[in-house]
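Report on the structure given below.
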Amino acid sequence: MIDGKKILFSGMQATGNLTLGNYLGALKNWVTLCDEYKCFYSVVDLHSITVRQDPAELRKRARSLLTLYIAAGLDPEKNCIYYQSHVSGHSELSWILNCYTYMGELNRMTQFKDKAAKHTDNINAGLFTYPVLMAADILLYQTDVVPVGKDQLQHLEITRDIAQRFNAIYGDVFAIPEPYIGKTGASIKSLQAPEKKMSKSDENPNASIYLMDDPDTVMRKFKRAVTDLQAQVRYNPEQAGIYNLINIYSACTGKTPEEIEREFDGKGYGDFKAAVGEAVVNVLRPLQERYADLCKNKDYIDSVIKNNAEKANYYAVKTLRKVQKKIGFPERIR
Ligand code: TRP
């Protein structure tokens with residue numbers, strides 16, 4: 001608990017451009033969570049180097065993601081938005097937790113298997129112990145809840161196992177985190193293959209709307225979105241393409257699927273797609289304007305980076321010192 005609130009932690013990698021799916025499915029809903037939780041949102045640059053990165057590009061993307069968080073409405077006074085690499089406790093706790101994690105456990109991680117298969121030329125130890133760093137992120141703040149997608153549930157599970165193992169030896173050191181189950185956003189699918197999630201790493205640029213896409217690009221991508229031959233705007237999961245467009249339109253306008261069905265009753269897909277495109281443009285415009293303004297305000301962003309890293313560090317050090325003491329590391333002489 002911090003200030004009487006439960007603690008929420010989430011991290012995002014600064015690889016790839018954020019999509020409309022990231023916004024409607026996650027970011028947009030994070031904005032209100034700070035009323036109920038003490039929220040930490042980390043740009044997890046330590047995780048990013050498990051695959052090779054171009055240094056200038058990594059730096060640029062990390063700053064861009066942090067700025068986007070703010071542009072999307074996360075108030076940096078109420079939320080702790082910071083770079084993982086600015087709080088050394090992540091690396092320190094990660095090393096310690098490595099010694100309480102079994103090779104066999106890590107070997108079972110499906111994301112490791114996938115990534116190892118994809119990057120056969122660079123299967124480094126960091127890729128293998130990635131889940132331990134993620135456990136350190138979460139446990140460092142005595143986190144109660146973690147909003148994660150399905151693909152990260154296995155990592156949250158191992159985090160809980162590590163925490164429980166550690167607590168069983170040393171007493172109640174870590175809070176045991178739960179997945180955040182609350183109002184989550186819409187699950188937005190690819191515009192080209194609507195059975196798949198809209199992903200920032202999709203190779204087909206027409207499959208995803210990026211938050212920085214200009215209006216023409218947005219309209220064009222919706223025009224090309226995959227639909228079906230039924231020629232009816234129905235909220236029917238079997239019409240996967242239309243179903244997804246209805247979800248997007250609904251998330252952008254607040255209209256219910258029933259209202260949308262009525263609105264487009266007897267109209268063609270062309271009209272509907274144009275309306276969805278416009279609704280998305282209207283959501284992205286203010287976000288892009290805020291982003292552009294923030295980018296001009298270097299001093300402000302710098303101050304957010306500095307202040308929030310200090311805040312995060314304050315809580316991180318508390319947990320870290322407790323852990324070090326429990327393990328038997330010598331006390332610091334002041
Ligand atoms: N591994 C997560 C992802 O790729 C990012 C992440 C790192 C994270 N540390 C975290 C998410 C802690 C939640 C909590 O999506």
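Remember, it's 1-based here, ligands and their atoms both numbered in the order they're listed. The figures here come from the full heavy-atom set of this structure, side chains too, leaving out hydrogens, waters and symmetry mates.
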Quiz item: Should Asn247 and Ser250 be marked as a side chain to side chain donor-acceptor pair (under 3.5 Å) after you check the CA-CA gap, both sets of side-chain angles, and the distance that decides it?
Solution: CA-CA 5 Å; Asn247 280 332; Ser250 170; 5.8 Å; no

What are the distances between nitrogen or oxygen atoms of ligand 1 and protein nitrogen or oxygen atoms, counting only those under 3.5 Å?
unit_1	atom_1	unit_2	atom_2	d
ligand 1	1 (N)	Tyr130	OH	2.7
ligand 1	1 (N)	Gln152	OE1	3.1
ligand 1	4 (O)	Tyr130	OH	3.1
ligand 1	9 (N)	Asp137	OD2	2.7

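Comment: Lys298 engages Asp302 in a salt bridge, judged by a side-chain N to carboxylate O separation of less than 4.0 angstrom. Glu105 has a carboxylate O that lies under 4.0 Å from a charged side-chain N of Arg165, or vice versa, which qualifies the two as a salt bridge.
Considering Trp95, Tyr141, Tyr315 as possible partners of His90, the one that fulfils the ring pair (Phe, Tyr, Trp, His ring centres under 6.0 Å) test is Tyr141. Just one residue in the list Asn167, Thr159, Asp144, Asp161 forms a side chain to side chain contact (heavy atoms under 4.5 Å, CB included) with Ile176, and that residue is Asn167.
Distance check, rounded to the nearest 0.5 Å: CZ of Arg63 to CG of Asp45 gives 13.5 Å.
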